[in-house]
Every structure is written in C-alpha cells, then in structure tokens.
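Structure in structure tokens, see below.
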There are 2 protein chains.
Amino acid sequence: MARTSGSHAAKTAPRIRAAAIRLFARHGYAAVSMRQIAGEVGVQVGALYNHTADKQSLLLELMEGHLTDLLAACDRADSPDGPVAALEAFVRFHIRYHAERPDEVFIAYMELRNLTPENFARVQTLRRRYEDRLESILRAGIAAGAFRLADARIGTLAIIGMLTGINTWFRAKGRLSLADIEAIYCDMIRQSVGA
Amino acid sequence: MARTSGSHAAKTAPRIRAAAIRLFARHGYAAVSMRQIAGEVGVQVGALYNHTADKQSLLLELMEGHLTDLLAACDRADSPDGPVAALEAFVRFHIRYHAERPDEVFIAYMELRNLTPENFARVQTLRRRYEDRLESILRAGIAAGAFRLADARIGTLAIIGMLTGINTWFRAKGRLSLADIEAIYCDMIRQSVGA
DNA sequence: CTTTGCAATGAACGGGTGTTCAGATAATTT
DNA sequence: AAATTATCTGAACACCCGTTCATTGCAAAG
C-alpha cells in the first residue's frame with residue numbers, strides 16, 4: 001500500500017456522514033438525494049461511493065454508529081446502587097445524551113422503515129440492548145420491593161417512549177431549561193413506577 | 001348539474017385515501033409514488049388528480065381527517081367527574097382509539113416534516129387541541145390538590161409521548177392483550193402524576 | 001333517447017433518481 | 001524524482017418522479 005489508507009477519507013468520510021445526518025434528520029432519508037449530500041460536502045456525486053457502498057449502507061452506518069456510541073456512553077456512565085438511584089441516573093443520562101444529538105436520535109427512531117429487513121434486525125438488536133439496561137433496573141426494583149410496577153417490559157417501553165418524545169418538542173429557547181425538564185421527568189418517572 | 005356530484009368519486013376517493021394511508025404508513029410519504037397508489041386502487045395515475053389536487057394535499061387530507069375524527073371521538077367519549085377518573089378515562093380512550101387506527105396514527109406522527117409550513121401549522125393546531133384535553137385534566141387535578149405534578153404542560157407531553165409509543169411496538173398477538181396494557185398504563189400514568 | 005358532464009385513460013412533459021466508470025488529480029512511499 | 005494508488009471529476013446509464021391534458025367512456029338528468 002503506497003499511502004496510509006484514508007488520508008483523504010479521514011477528512012471526507014466524516015463530512016459525508018455529518019451532511020447525511022443533517023439532511024436525513026431534516027428532510028427524511030427517502031427525500032434526500034445523493035446529489036444533495038454531495039453538494040453539502042462540496043464534492044461530486046460519484047465521490048461519495050469511495051466512502052460508502054450505497055445509500056442504504058450510509059443510513060445503516062449512521063444508525064449503528066449512533067446506537068453503538070449510545071451503548072458505550074451508557075456503559076461509561078456510573079450507575080449508583082439502589083433501584084431508585086439507578087433509575088434516576090438512567091433517566092438523567094438518557095435525557096442529556098439524547099438532547100446533545102437530536103439529529104442522530106431522530107434518524108434512529110424515524111428511519112427504521114427505510115432499512116432493509118436484515119439491516120433493520122441489526123439495528124433492533126442494538127436498540128434492544130439499550131432498552132435492556134432500563135429493564136434490568138426495573139426488574140431489580142420490583143424484586144427488591146422498591147417499585148410498584150406490574151410489568152418490567154411494558155414499564156421499559158413506556159418510560160423509553162416518554163423520554164424519546166422529548167426530542168420531538170424540546171427547544172433550548174423554550175419556557176423551561178433542559179435541567180428543569182430533567183427534574184420533572186425524574187419525578188414523574190419515579191412516581192410512575194411507584195417509588 | 002347533470003349528475004349528483006361524486007357518484008363515482010364516492011367510491012374511488014375513499015379507496016385512494018385508504019391506499020395512501022396503507023402505503024404512506026408502510027413505506028413513508030416520500031418513498032411512495034402516485035403510481036403506486038394508483039396501482040393499489042386499480043386505476044391510472046392521472047385519475048388520482050380528479051380526487052386530490054396533488055400529493056401534498058393528499059397527505060394533508062389524511063392527517064386533518066385523522067385528527068378531526070380523533071377530536072370528535074374524544075368529545076363523544078364521556079369524561080367522568082374527578083381528576084383521577086377523568087385521567088383514567090382519557091388514557092383508556094386514547095389507547096383504544098389509537099390501537100384501532102395504527103396507520104393513520106403513524107402517518108400523523110411521522111410525516112409532519114413532509115408537510116409544507118402552512119399545512120404543518122394547520123395540523124399542529126389540531127394536535128394541540130387534542131393535547132389540551134389532557135392538559136386541562138392535569139391542570140384541574142393540580143388545582144384540586146389531587147395530583148403531585150410540577151408542570152401540567154410537560155406532564156401532558158410526557159404522557160402523550162408514553163401513550164403514542166405504544167403504537168410502535170404493540171402487536172395484537174403479543175404476550176399481553178390490549179386490555180392488559182391499558183391496565184398497566186393506567187396505573188403507571190396515575191402514579192406518574194402522584195395520584 | 002338525447003344531452004350533459006364527471007371520471008378514467010394513456011401518453012407525454014421536464015426533470016430528478018441511485019449507481020457506475022474511464023480518465024484526471026494529487027499525495028505518499030520507494 | 002519516479003512510481004503508486006486512493007480520491008475525485010464529469011459524463012453517462014436506465015429508470016422513476018409528480019403533474020398535465022386531449023381524448024374517450026359512461027352513468028344519470030331531462
């Protein structure tokens with residue numbers, strides 16, 4: 001090999017991903033053309049195919065990248081002892097992490113149906129791994145008698161749904177700061193599981 | 001006028017809407033072509049334009065129709081006295097109504113970004129009207145001292161998000177029936193507002 | 001039974017789609 | 001300095017897009 005692999009790619013590939021994230025989040029996967037992405041990067045269409053196999057792979061890379069990062073960050077975040085404290089830590093982590101990456105989150109939740117079946121399955125596996133973090137906390141809380149909650153799985157889906165919804169309406173310039181919302185959600189979610 | 005307006009339209013127009021709902025929900029507005037819709041109805045593309053001005057209007061009609069029906073049904077549903085009972089009635093109504101129309105719900109929540117700004121504003125107004133139904137209940141409960149909830153608006157968005165999420169994962173053949181889920185959600189939501 | 005007029009056809013319009021590829025470019029290793 | 005090779009260009013491919021419109025068909029009104 002005569003050149004370090006990706007000497008240029010190291011600059012262009014991330015820019016393609018960044019442009020795709022912005023455009024997919026703004027207009028939707030199906031409504032964005034490869035030419036639009038290329039235009040945003042300042043390159044011709046054909047050049048994109050040096051960095052991604054096709055449009056579908058680009059979408060998959062964005063989603064898998066986002067979910068992998070999410071899981072890694074979730075692992076890094078410390079989870080305190082005790083079901084109530086662990087639940088609160090999860091909620092705060094989720095809200096903060098997702099608020100910082102609205103575009104990736106939007107794509108990961110809205111473009112699932114534009115994945116091929118195999119790619120959908122791969123993404124769902126990652127998503128399920130994240131949900132399982134919360135489900136474990138709920139299960140432990142139920143087992144310890146700390147939570148009054150009939151079903152850990154449904155509780156997980158309900159809480160994730162509640163949290164995910166924030167991204168659809170939260171605006172930094174709104175009436176309440178993110179810290180305010182974090183506090184309100186912590187209270188509501190703690191109460192929702194009967195703790 | 002030589003003929004009752006819409007003697008044919010009375011058959012074709014609803015079929016177009018039904019096909020569009022199915023296809024938009026399955027593949028997304030941008031990914032569905034007018035030719036696909038026409039094919040599903042068993043008609044040529046041009047015929048669609050006898051019943052809708054353009055693709056964008058078709059989307060708007062579906063969304064406005066869904067939200068108008070939702071508001072009408074919500075008004076018809078009786079709301080019992082007392083904040084706790086009213087909240088439970090709202091939750092049960094929402095879950096049942098939405099479970100019966102998964103495709104319309106999916107479109108109304110996922111295709112907002114494919115609306116032109118004016119059309120988006122119209123749909124948001126209707127959606128806000130529905131959210132206000134819940135917000136009033138929460139406000140009344142807080143005022144009466146029946147709920148322990150810091151902010152009625154955030155509580156509304158949190159609960160709506162929680163409820164709306166059901167449609168993304170509920171399957172009739174799943175582990176739990178809709179009635180089971182209804183019961184679990186009623187408990188969680190009642191607890192979440194501190195009642 | 002003729003008139004009326006809505007609805008459906010089928011072809012066309014201009015333009016956009018994802019993807020490929022031969023050839024030019026430029027940067028790194030030898 | 002020369003050779004190498006990842007990257008980019010620019011054009012092309014075959015096909016699909018939303019929308020329009022002259023023409024045709026047909027069901028109801030008079």
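Reminder, nothing fancy here: chain letters follow the sequence lines and each chain counts from 1. All values derive from a computational prediction rather than experimental measurement.
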Exercise. If you measure from the Lys or Arg side-chain nitrogens to the Asp or Glu carboxylate oxygens, is any gap between B/Glu182 and B/Arg96 under 4.0 Å?
Worked result: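 The answer is yes: the pair qualifies as a salt bridge.
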
Problem set entry | By side-chain contact (heavy atoms from CB on, under 4.5 Å) - contacts of B/Val123 (at least two apart) |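 If we apply the side-chain contact (heavy atoms from CB on, under 4.5 Å) test to B/Val123, skipping adjacent residues, the hits are B/Leu60, B/Met63, B/Glu64, B/Leu67, B/Leu112, B/Leu115.
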
Exercise. Whole-Å distance between C/dT17 P and A/Tyr49 OH?
Worked result: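 For the pair A/Tyr49 OH and C/dT17 P, the rounded distance is 11 Å.
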
Exercise. In chain order, what residues pass the side-chain contact (heavy atoms from CB on, under 4.5 Å) check against A/Ala38, with sequence neighbours excluded?
Worked result: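 Only A/Val43, A/Leu48 meet the side-chain contact (heavy atoms from CB on, under 4.5 Å) criterion with A/Ala38.
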
Problem set entry | B/Arg129: side-chain hydrogen bond (donor to acceptor under 3.5 Å, both in side chains) partners, not counting sequence neighbours |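 Result, side-chain hydrogen bond (donor to acceptor under 3.5 Å, both in side chains) vs B/Arg129: none returned.
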
For this session: Nearest whole angstrom, please: distance from the C1' of C/dT19 to the CD of A/Gln56.
Result: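 About 15 Å, once rounded to whole Å.
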
For this session: Pull out every residue in residues 37-46 of chain B that has a heavy atom closer than 4.0 Å to any atom of DNA chain C, ordered by number, or say none.
Result: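 Within this stretch, B/Val43, B/Gln44, B/Gly46 sit under 4.0 Å of the strand.
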
Problem set entry | Separation of C/dA7 P from B/Ile16 CD1 (nearest whole Å) |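 These atoms are roughly 10 Å apart.
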
Exercise. What integer distance in Å separates B/Lys55:NZ from D/dT19:C1'?
Worked result: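 Spelled out: NZ on B/Lys55 to C1' on D/dT19 is 12 Å.
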
Exercise. What is the distance, rounded to the nearest whole Å, between atom CD of A/Gln36 and atom P of C/dT17?
Worked result: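 Result: 6 Å.
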
Exercise. Please, which pairs that meet side chain to side chain donor-acceptor pair (under 3.5 Å) have at least one residue in residues 105-120 of chain B, sequence neighbours excluded?
Worked result: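 Of all non-adjacent pairs touching residues 105-120 of chain B, those that pass side chain to side chain donor-acceptor pair (under 3.5 Å) are A/Glu111-B/Arg113, A/Arg113-B/Glu111, B/Gln56-B/Asn119, B/Thr116-B/Asn119.
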
Problem set entry | Euclidean distance, atom CZ of residue A/Arg15 to atom C1' of D/dC8 [Å, nearest integer] |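 So the two atoms are 13 Å apart, to the nearest Å.
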
Problem set entry | Nearest-Å distance for atom pair CG/C1', residues A/Leu48 and D/dG10 |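 My rounded result for the distance is 14 Å.
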
Exercise. Does a side-chain N-to-carboxylate-O contact under 4.0 Å join B/Asp151 and A/Arg175?
Worked result: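 So B/Asp151 pairs with A/Arg175 through a salt bridge.
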
Exercise. Can you name the residues that form a side-chain hydrogen bond (donor to acceptor under 3.5 Å, both in side chains) with B/Arg171, not counting sequence neighbours?
Worked result: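 So B/Arg171 forms no side-chain hydrogen bond (donor to acceptor under 3.5 Å, both in side chains) with any residue.
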
For this session: Mind checking ring pair (Phe, Tyr, Trp, His ring centres under 6.0 Å) for A/Tyr130 and listing every partner two or more places apart, or none if nothing turns up?
Result: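 Applying ring pair (Phe, Tyr, Trp, His ring centres under 6.0 Å) to A/Tyr130 gives A/Phe90, A/His94.
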
Exercise. If you look only at pairs with a residue in residues 14-34 of chain A, which of them pass as a side chain to side chain donor-acceptor pair (under 3.5 Å), with sequence neighbours excluded?
Worked result: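 Pairs touching residues 14-34 of chain A that pass the test: A/Arg22-A/Glu40.
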
Problem set entry | DNA chain C-proximal residues of residues 22-35 of chain A, any heavy atom under 4.0 Å |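 Result for residues 22-35 of chain A: A/Val32, A/Ser33, A/Met34, A/Arg35, sorted by number.
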
For this session: Round to the nearest Å and state the distance from A/Asp54 atom CG to C/dT20 atom P.
Result: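 Computing the A/Asp54:CG to C/dT20:P distance gives 8 Å.
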
Exercise. B/Ala47 side chain: which of D/dT9, C/dT9, C/dT19 is closest?
Worked result: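 Looking only at heavy atoms from C-beta outward on B/Ala47, the closest nucleotide is C/dT9.
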
Exercise. Between A/Thr12 and D/dT7, is there a side-chain N or O to OP1/OP2 distance below 4.0 Å?
Worked result: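 For D/dT7, OP1/OP2 do not have a side-chain N/O of A/Thr12 under 4.0 Å.
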
For this session: Test for a donor-acceptor pair under 3.5 Å between the base of D/dA6 and the side chain of A/Asn50, counting only N and O atoms.
Result: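 Result: no qualifying N/O pair found.
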
Problem set entry | Any B/His51 side-chain N or O less than 4.0 Å from OP1/OP2 of C/dA8 |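 Indeed, a polar side-chain atom of B/His51 lies that close.
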
